[in-house]
Structures are given as structure tokens and as C-alpha cells.
Amino acid sequence: MRYTHAFVPTLKEVPKDAVTPSHVLLLRGGFVRMVGAGIYEMLPLGLRVLTKVAAIVREEMDRAGAQEVLMPALLPKEYFDESGRWDSFGDTLLRLKDRKGGEYHLGPTHEEIITDMVRRDVKSYRQLPQNLYQVQMKFRDEARPRAGLLRCREFMMKDAYSFDVSEEKARQSYESMREAYHRIFRRVGLDYRVVAADAGAMGGSTSAEFQVLAQNGEDAIVACTACEYAANVEVAASLRGARVTVEVPAFERVQTPARKTIEEVATFLGKPASATMKALMMVADGAVVMVLVRGDHDANEVKVAKALGASDLRMATDVEIRAASAGPVGFLGPVGGWTGKVVADLALDDGGGYVSGANEVDHHLTNVVLGRDFQATVADLRTVGDADPCPSCGAALKSYRGIEGGHIFVLGTHYSAKMRCHFLDEQNVEKPIVMGCYGIGVSRLVATTIEQHHDGDGIRWPMSVAPYHVVVTTAGKGDDLDGAAETLYRGLTERGVEVMYDDRDERPGVKFKDADLIGFPLRITVGKRGLAEGKVELKARAEKEAVLVPLEEVVERVASMVRDQGGRLRSA
RNA sequence: CGGGGCGUAGCGCAGCCUGGUAGCGCACACGGUUCGGGACCGUGGAGUCGAAGGUUCAAAUCCUUUCGCCCCGACCA
């Protein structure tokens, strides 16, 4: 491609609406443009990258035996009615009506549609297993689209759906997808962790998230520094500490004038926050409950909901707390005054005495012991962090921020049972097909790649997904320079290398800045000095220094670098 | 949905408080000088001041309503 013919509108200044690095660089580098909140156009360069990521995904899905299909984005209500998701999906479902008043939605995910596709024609165990996937735009009316391509309302997603005769076979499909995902994430050049996660609303039994490590990640994850354990903090298990062996004296009521927060109370009483307990009032499926965690710990709503068997959980409002006749906010505690349900975190169940609210303004209790002074359902309720031990091996955990790039599930018969997607087994017994689903946010991966591969000058694309492998630039003017660059451009192109030839009549500085911003992995500079010796400069985007390479060797040198770094040469 | 911020030329911004001729930088066009890390000089084109309503002799500026965008939170297969 000649730069003078290319539509690559780079920006010198940072658009004011962009904050996240990938968002800024996608806009500045001329990859995408915003059309509305969470809605983007892919410009030529952006589409090239997106297409490359999608190509890697397709190759690996095909290698794993999956077959690509294409489903409608516009879907009649009836399918989601069958699964119950027309109601349960909530506001995130983008709904619309046609001229006759018929109700439709834009597909946020396609379990129902694919299940319908399969149930229509699959009747026998002989037709299974099947693994079908789609790569297409999906739509979600996100409460808050943000960070450019990281959270959009319209985004490109790959979803694969497996159909098996048994849970065991489904598990095999799941494992094969897990392996395919490893290959995909590695090939795209991402630093990631596979973590245990909340299968949540999917109704699945087993799931794992592929979390791309990034400073700006929305998700908090922990990974063991010694073993393979890694989990989303939503589910990462905490361990019970050692039991306190000393005798704890009876609890005492003490004055704590106007000290409400853990911080204030602990400081006032001269104790560490870890010697206090925090009473949080939450509403679980409509009922107000008291949730107790140690003062220095954070309650984890996913865990609390699970412990309570609640499908809906949120913090109680002050009004609800008063209505439930609990003590005054800031001085709440489990002893005296509160007669409702109490759940306590494992860490409090160590026989130790803790400071708690006295359910009376300006007063707290000291030496409150769980099991002695009050009763509670004990469960793992808190969010683990850096200081915690690995639940698997006991070594230290380390926390990371991550961006969910992929999520794989064993769905079981959640959808197939509801939608009567059945088959006949060898014994002529009708059974629901056992499903799995496997998603990858393709457009999101483009952004996460930039989050991991950029510097102060711009993007540093991994070879495998770069919009072009190399940019050829002249530094200085003269027919000899242009001629040599032109020859290189032709030679490289013929060799199958993807080349951007910067033939603009610009000063070298301008071309270099754009090259760095756009992030071509390699740059060839044809300059007067080098050319006098029959050489050109070859510089990797990630390296500081360029090397001089004889003209006649450049093409092969670049071709092998492209190959070695995971790029693909186009076959002639 | 709650909190905060912002809408003025393609991009980044000033002007608004204290009403009166719409401005700066970049980008763009033309001429000239430059040419290895976003050059310089000159000339020029380009704006329904997000939209609607109101106050006023007069509104980018004051008032009301509304739409859009960003950030934090809530939410989030």
C-alpha cells in the first residue's frame, strides 16, 4: 500500500473523550472513529487488525474441529421467550419493533438461536458431537460503554457452541476449546491468565475466564506465585486463619463518641482494623440480612449471594436499615438489637474477640466472640487480596487487573432442556443435548493488545496482528532514494510481505512519528548515507537502534523476521 | 440509575463570571524557504457557538427545557 493512497487519518492531539491508552491510540493512529457511545467505525488499518485477530481465531477454531456458521443479528422475540431471557436479560437486551409491532432484539449472544438450529436437524447420537461457531457483531445496551473498544454496545465476538451426548463428552469439548484458546491468546501475543470465575447467570457448571493482564482491566484477579491457581476475586477462595487459643474475657460496652467508621473506631480504641468486625446490611431477595467481615476485609457480593442462596443482592439503604429495626448506622453489631439473619466470614470464626457496634449511638462492644456472644452462619464471604495464601498450595497470591478476553463454559442442559433440543441415544432414550459455549471478544482483543503493547510514541503491534508488517520510508529526497524505496516495496510485496510504502512528500520526522504511532513492527529507512554504501536501515519498533542491511539482503531478512515473529507471508 | 465534568471551525482550546464586531494553536489551500524525529514566513478558506424556548434594543455569554459525549460508582455472559 502506498501511503499517499491510503486512508490513514492520524491525529497529533489526543481527542478529549479518550482516556484509556488503547482508545487514544486507536483514534490517533487512524484505526477507528467513534460514531456514538460504544459504537465505532473501523477504518482501513483498524479493520486489517481486526481481520487478522479474527483469522487467528478462525484458524484455531477450525483446527479444533469447529465449523463456522453465520446467524442473524436481528432476532424475533420468541427464542428468548423460550429460554426466559426475554425477561431475565433486562435492559442490556437491545429491543426493537418492526412496522407491524412485532418484537425483536439484536443478538447479544446466540445460545437460543444456535440451539434452535441444532434441534431442528439433530435427532440422533450419531449426529453428535457438533461444534458450531460464529464471528459477528453482537449488541448489548451497556449501562455504561467505556474505554473505546474495551466495552462497546456493538462489538465483534466469536462464540462457539458445542453439542454433546453426555456431560463427560461435553467436558472433552470444553477441554479442546480451552486448548484452542491458549493457542489463540498466545498467537495474538497476549500476556494472560486462565482463571476460575463465577458461572453466574449462565447456569453453567464449569467455566474459566481468559483474562488479559492490563493496568486498566475492569476485573480483579489473583494468581498464585507458586502453583497454577488463578481466579477472579469474585470467586477466589479465602482460607480460615489459625484459631485463637487464649481465653477471651467477656465483652464490654465502651463509649466511642461519634466514631463510626472502622478507621475511626480502631484508632480511637488503639486497635488495628483487623481486630474489629464490620457489619454490613444487605438486602437479599428482599430480606435484610447482616453480613459480618473483619474490619480490614472487604465483603464479596458474589460470595455473599452464594452463601445466602440469593439471586438478587445489594446494599441496604438507610431507610431499609431503620425499617428492619437494626441499630443506628455506624454502630451496628450482631449482639443485642438485631434479630434477623446474620452471616459471618470465616476469618471471624477463629475464637478471637472483636470490636463490634453496640447497636447504640456512640457505643461499641469489645471482645465479642462469634459462637459465644452471638450465632451466625459462617461462610467464605470476603474478597481475597495480595496478602492472602493460595487456597490450593498456601503460597502467596498476587493480584492483577485483567480484561476478560474470553470465557468458556460447560452449560449442561440449561438451554437444551428448556428448548427441547433432544436426541435419541443408543438405547432409543430421548435425552437433552449437553452444551458448552465459548466466547472471545474479537474487537476487545484488538484493544487489549494495544493495552499491553504500547509506549509513549504509539502502538507496538505484535507481528501476528500488525496492520502491515513493515513500513518503507525515505529520509531525504532524490530519485535514487525513491527508486530504491520503490524497488524494495515491489520486492517485499512480491515476497508476500505486507508493506506500507510511505511515499508522502513529508519531512522524515513526520513519517517517523506516524510510523511509531501506527506501530508497524518493522521500519525500513532508505537514506542518502546508507544508500551510498548500498545499504538501508532496518529497525524494529520495539528496539531502539536500527541496523544497516545491504539492499540485496533486505527482502529475505524481513521475510524471515515476519515469519519468525508469528506473521504470515502472503503466498503469491 | 446516582455523582462529577464537557459541548464554540476537522482536532485541541480561549471567550461566558461582568450581554454589544467569534478568537488562538494544529490541520487544510496557495506562494516561497526548508528537509534524518510532528519546520518556518506570508496569504487564504472554513464556525446554525449541541438543540429548542425565554429574558433583552441586543445572547456563545443570563434563565428554562432538552439532546449528546467523557469520567467515577451502580450494573455487566
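A note on names: the letters A, B, ... follow the listed sequences, proteins ahead of strands, and every chain is numbered from 1.
Checking B/U56 for Watson-Crick or G-U wobble geometry (two distances, each under 3.5 Å) identifies no partner in any strand. A 3.5 Å limit on both hydrogen-bonding distances identifies B/C1 as the Watson-Crick or G-U partner of B/G73. Pair check for B/C40 finds B/G32; Watson-Crick or G-U wobble, both atom distances under 3.5 Å. Remark: B/G12 base-pairs with B/C24. Criterion, Watson-Crick or G-U wobble with two distances under 3.5 Å. Searching all strands for a Watson-Crick or G-U wobble partner of B/U48 with both distances below 3.5 Å returns nothing. Pairing for B/G7 is with B/C67, a Watson-Crick or G-U wobble pair whose two hydrogen-bonding atom distances lie under 3.5 Å.
A salt bridge is absent between A/Lys511 and A/Asp514: the closest approach of a Lys/Arg side-chain nitrogen to an acidic carboxylate oxygen does not fall below 4.0 angstrom. A salt bridge does not link A/Glu82 with A/Lys418: every distance from a Lys NZ or Arg NE/NH1/NH2 to an Asp or Glu carboxylate oxygen is 4.0 Å or more. With respect to A/Arg401 and A/Glu218, no salt bridge is recorded, no charged nitrogen being found less than 4.0 Å from a carboxylate O.
Using a 4.5 Å heavy-atom cutoff, the side chains of A/Leu45 and A/Ile518 are in contact.
By the ring pair (Phe, Tyr, Trp, His ring centres under 6.0 Å) test, A/Tyr40 is found to be paired with A/His23, residues two or more places apart in sequence or in another chain being considered.
Nucleic acid contact for A/Thr92: none, since no nucleic acid atom lies under 4.0 Å from a heavy atom of the residue.
The separation of B/U34 from B/G50, taken at their P atoms, amounts to 44 Å, rounded to a whole angstrom. Here, B/C6 and B/C75 have their C1' atoms 24 Å apart, quoted to the whole Å. Nucleotides B/U61 and B/C49, compared at atom C1', are 10 Å apart to the nearest Å. Rounded to the nearest Å, the gap between the P atom of B/C35 and that of B/A60 is 48 Å. Nucleotides B/C13 and B/G20 have their P atoms positioned 24 Å apart, rounded to a whole Å. As rounded to the nearest Å, B/G12 and B/G31 have P atoms that lie 30 Å from one another. The P atoms of B/C62 and B/G25 are separated by 26 Å, rounded to the nearest whole Å. Rounded to a whole angstrom, the distance from the C1' atom of B/G5 to that of B/C41 is 40 Å.
Tested against A/Ser162, the residues A/Tyr174, A/Tyr133, A/Tyr438 include a single side-chain hydrogen bond (donor to acceptor under 3.5 Å, both in side chains) partner, A/Tyr438.
When each of A/Val14 and A/Glu301 is assigned the nucleotide of RNA chain B with its nearest heavy atom, A/Val14 is the one assigned upstream, toward the 5' end.
Within the structure, ring-ring contact (aromatic ring centres under 6.0 Å, His included) contacts touching residues 3-22 of chain A (residues at least two apart or in different chains) do not occur.
For an aromatic pair to be called close, the ring centres must be under 6.0 Å apart, and A/Trp461 with A/Tyr468 fails this. Between A/His105 and A/Phe80, a ring centre-to-centre spacing shorter than 6.0 Å is recorded. Close placement of the A/Phe210 and A/His182 rings is indicated, their centers lying within 6.0 Å of each other.
Here the straight-line distance linking atom OG1 of A/Thr525 with atom CD of A/Glu537 works out to 5.0 Å at 0.5 Å rounding. For the atom pair CD of A/Glu142 and CG of A/Asp91, the computed distance is 11.5 Å after rounding to the nearest 0.5 Å. Taking OG1 of A/Thr413 as the reference point, atom CD of A/Glu167 lies at 8.0 Å (rounded to 0.5 Å).
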Using a cut-off of 4.0 Å between protein heavy atoms and nucleotide atoms, how would you tag nucleotides 67-73 of chain B 5' to 3' with B, S and -? --SSBBB
Sequence-aligned protein contact record of nucleotides 30-40 of chain B, with B where the base is within under 4.0 Å of a protein heavy atom and S where only the sugar-phosphate is: ----BBBBBB-
Show the distances under 3.5 angstrom between N or O atoms of the protein and N or O atoms of nucleotides 23-25 of chain B.
from  : atom 1 : to      : atom 2 : distance (Å)
B/G25 : N2     : A/Glu13 : OE1    : 2.7

Protein and nucleotides 44-49 of chain B: nitrogen or oxygen contacts under 3.5 angstrom:
none

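In this structure, the CG atom of A/Leu94 is 18 Å from the P atom of B/C76, given to the nearest Å. The nearest whole Å value for the distance from the CZ atom in A/Phe155 to the C1' atom in B/C76 is 11 Å.
A cation-pi geometry, defined here as NZ or CZ lying under 6.0 Å from the six-membered ring centre and within 45° of its normal, holds between A/Arg193 and A/Tyr400. For the pair A/Arg523 and A/Phe512, the distance from NZ or CZ to the six-membered ring centre is under 6.0 Å and the angle to the ring normal is within 45 degrees.
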